[in-house]
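Values below: every heavy atom of this structure, side chains too, minus hydrogens, waters and symmetry copies. We count residues from 1, following the sequence as given.
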Amino acid sequence: MKAVGVIVEYNPFHNGHFHHLNETRQKTGADCLIAVMSGNFLQRGEPAIVSKWARAKMALAAGVDVVIELPYAFAVQAAEQFAHGAVQLLAAIGCQELCFGSESGEISAFLSAAETWLEQKETFDSLIRTGLARGQSFPKAAAEAWQKLGAAPLDLSQPNNVLGFAYVKAIRQNRLAIAPHTIPRLAAGYHDESFSHPSIASATSLRKALRQTGQLESIAAYVPPAALEQLRQYRETYGRFHDWELYFPLLKYRLLTATEADLRRIAGVEEGIEHRLKQHIAHAETFAAFIAAVKTKRYTWTRLQRLCAHVLTNFTKEEQAKAANPTYIRLLGMSETGRRYLKQAKKSAALPLVAKAAKLNGDPLYEQEKRAAAVYAAAFPEPLYSAALKEEYATAPIYVSGIERK
């Protein structure tokens, strides 16, 4: 069976994601689509709008055959670490190809840029450091570095291009037997906050609409019915969707009771940013106001969100340094086709394929995952808190029968 991977977050799953899956299957001739998906905290440092289990159900209903989890130690990271963990997992489970969405839409641009990077990595990294020292953001420093190197045009100010480039780099650097493909992102931009297309909208705009209206009907035109139903069921069960404001009281407590020395141990706390965190936290009344006050040219909104997630989950620099590669493949869900593929693949998988969380106890990556699960569940009052926490340990991989692809 030909396995093709996608790297996803589905926050929430929408029609653009459905288009990506259909195009991936058509472009690659995949027999089995495998999604490596971030858990309860995402690459930009945000809590997912609904749990990983709810999002795995959305993925399976839309045609994904296997959903595996990208551990927190890779999921809540800048593009390079995020991509490194994701492609390693796809390679370990036997994926022969990867297909990602991008603003570019041309794989040749990514391959050319990756070749340039491999040939001139030291120069490129030096130019990046120079740009950062001048107060540039990483995307701006990277774009300027490419211009100076005379590389093939690849707009690294665009978020999906940045991730796609990181995927291709990680594949080449690790010499993985994965062929990359890309399809153009359809209609809505990653950061678009408004609806400008009759059926395609960004996840950012969908979350904004839900926050502002509280009505699932406001996004119904942009989300497959099965995904909309998962959102409805989640809110009926837990009474809310997740966002950073839910966790701000916890963050405020952590920052007010931690010393600056404590904070310097946390991953992402560099260059004295702990002083700004302590300076502004006591007076901030919302998470948005706090980040706006702390933000600098070097510390972008996204970088600060990741840092704050690490503060909440107590993810340290030492733990980050030790998280060099994934150590397991955690299965979240599968279709009948996925089940048949896994039966074949587990014999040759490069990492243990794990269905029961208890088997992971003691693994450093999973110990961090448990802390992230505890924080994520803390958004709820009891008894929902205990129920959500139990879900992390007791949920068996989701099996969707009746969906089989030859």
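Between Glu271 atom CD and Leu132 atom CG the span is 8.5 Å, to the nearest 0.5 Å. Rounding to the nearest 0.5 angstrom, the gap separating the CH2 atom in Trp301 from the NZ atom in Lys295 is 8.0 Å. Within the model, atoms CG of Leu118 and CZ of Phe124 stand 11.5 Å from one another, a figure rounded to the nearest 0.5 Å. Atom CD1 of Ile200 and atom CZ of Phe18 lie 10.5 Å apart (nearest 0.5 Å).
Counting only residues at least two apart or in different chains, salt bridge (charged side-chain N to carboxylate O under 4.0 Å, His left out) contacts with residues 72-81 comprise Glu80-Lys169.
Looking at Ile93 and Val36, their side chains never come closer than 4.5 Å, going by heavy atoms from C-beta outward. With a 4.5 Å cut-off on side-chain heavy atoms, Leu90 and Ile7 count as touching. Considering only heavy atoms from C-beta on, Leu210 comes within 4.5 Å of Ile219 through its side chain. Annotation: side chain of Cys99 is in contact with side chain of Ile183 (closest heavy-atom distance under 4.5 Å). Between Leu277 and Val294, some side-chain heavy-atom pair lies under the 4.5 Å cut-off. In this structure the side chain of Thr296 reaches within 4.5 angstrom of the side chain of Arg276, judged on heavy atoms. You'll find the side chain of Thr337 stays beyond 4.5 Å of the side chain of Asp31, heavy atoms only. Using a 4.5 Å heavy-atom threshold, the side chains of Tyr234 and Gln230 count as separate.
Between the side chains of Gln88 and Asn174, at least one donor-acceptor pair of N or O atoms lies under 3.5 Å. Counting only N and O atoms by type, the side chains of Ser199 and Asn15 include no donor and acceptor under 3.5 Å apart. Counted by atom type alone, Glu382 and Ser386 present one or more donor-acceptor pairs between their side chains at under 3.5 Å. Under the 3.5 Å distance criterion, with hydrogens and angles disregarded, no donor-acceptor pair is assigned to the side chains of Gln81 and Gln320. Counting only N and O atoms by type, the side chains of Ser205 and Ser202 include a donor and acceptor under 3.5 Å apart. Looking only at atom types and distance, the side chain of Glu9 has a donor-acceptor partner in the side chain of Ser38 under 3.5 Å away.
Not one N or O on the side chain of Glu97 forms a donor-acceptor pair closer than 3.5 Å with the backbone of His181. Formation of a donor-acceptor pair under 3.5 Å by the Gln96 side chain with backbone atoms of Ala3 is found in this model. In terms of modelled atom types and a separation under 3.5 Å, the side chain of Ser112 and the main chain of Ser108 share no donor-acceptor contact. Side-chain atoms of Glu392 never come within 3.5 Å of backbone atoms of Lys370 as a donor-acceptor pair (strictly under, hydrogens ignored). Proximity of a side-chain donor or acceptor of Glu103 to a complementary backbone N or O of Asn160 within less than 3.5 Å is detected. A donor-acceptor pair under 3.5 Å links the side-chain atoms of Asp243 to the main chain of Leu246, judged by distance alone. Between the Lys278 side chain and the Leu255 main chain, a donor and an acceptor come within less than 3.5 Å of each other. With hydrogens and angles ignored, the 3.5 Å screen pairs no side-chain donor or acceptor of Gln344 with any backbone N or O of Arg340. Counting only distance, with no hydrogens or angles, the side chain of Arg371 and the backbone of Thr313 share a donor-acceptor pair below 3.5 Å. Looking only at distances, a side-chain donor or acceptor of Thr257 sits under 3.5 Å from a matching main-chain atom of Tyr253.
Taking every heavy atom of both residues into account, Ala309 and Phe41 meet most closely at CB-CD2, 4.3 Å.
Aromatic rings of His17 and His14 (six-membered ring for Trp) have centroids within the 6.0 Å cut-off, being under it. The aromatic ring centroids of Tyr167 and Phe110 lie 6.0 Å or more from each other. Aromatic ring centres of Phe287 and Tyr247: separated by at least 6.0 Å.
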Practice problem: List the steps, then state whether ring-ring contact (aromatic ring centres under 6.0 Å, His included) holds for His310 with Tyr72. | Solution: CA-CA 10 Å; His310 299 335; Tyr72 177 97; 5.7 Å; yes

Please step through side chain to side chain contact (heavy atoms under 4.5 Å, CB included) for the pair Leu342 and Leu353, ending with a clear verdict.
CA-CA 9 Å; Leu342 292 173; Leu353 181 63; 3.9 Å; yes

| message | Walk me through whether Glu391 and Ser51 qualify under side chain to side chain contact (heavy atoms under 4.5 Å, CB included). | response | CA-CA 10 Å; Glu391 190 177 42; Ser51 75; 4.0 Å; yes

For a side chain to side chain contact (heavy atoms under 4.5 Å, CB included) check, start with the C-alpha distance between Met1 and Cys32, then their side-chain angles and the critical distance, and finish with the verdict. CA-CA 7 Å; Met1 297 176 72; Cys32 180; 4.3 Å; yes

- Message: If you apply the rule side chain to side chain contact (heavy atoms under 4.5 Å, CB included), what do you find for Tyr366 with Arg330, and how did you get there?
- Response: CA-CA 10 Å; Tyr366 187 62; Arg330 187 181 184 191; 3.7 Å; yes

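Taking 4.0 Å as the cut-off between side-chain N and carboxylate O, Glu270 and Arg298 do not count as a salt-bridged pair. Ion pairing between Asp262 and Arg254 fails under the 4.0 Å rule for side-chain N and carboxylate O. Taking a cutoff of 4.0 Å between a charged side-chain nitrogen and a carboxylate oxygen, Lys322 and Glu319 do not qualify as a salt bridge. Salt bridge status for Lys148 with Glu144: present, with a side-chain N to carboxylate O gap under 4.0 Å. For the pair Asp125 and Lys121, the salt-bridge criterion is met [side-chain N within less than 4.0 Å of a carboxylate O]. One finds no salt bridge joining Arg265 and Glu318 here, because no Lys/Arg side-chain nitrogen approaches an Asp/Glu carboxylate oxygen to under 4.0 Å.
If you run side chain to side chain contact (heavy atoms under 4.5 Å, CB included) between Ser104 and each of Asn161, Asp155, Thr182, only Asn161 comes through.
Seen from the ring of Phe13, Arg55 does not count as a face-on cation partner, given the 6.0 Å and 45° thresholds. Geometrically, Arg240 does not engage Tyr238 in a cation-pi contact, judged by NZ or CZ lying under 6.0 Å from the ring centre and within 45° of the ring axis.
Atom CD of Glu106 has 12 or fewer neighbouring heavy atoms from other residues, nucleotides or ligands inside a 6.0 Å radius. Counting heavy-atom neighbours within 6.0 Å of Lys2 NZ, excluding the residue itself, gives a total above 12. No more than 12 heavy atoms of other residues, nucleotides or ligands sit less than 6.0 Å from atom CZ of Arg172. The number of heavy atoms from other shown groups lying within 6.0 Å of CD (Glu245) is above 12.
Note on ring orientation: taking the six-membered ring where Trp is involved, the planes of Tyr376 and His242 are parallel (angle under 30°, cut-offs 30° and 60°).
With sequence neighbours left out, the ring-ring contact (aromatic ring centres under 6.0 Å, His included) criterion links His84 to no other residue.
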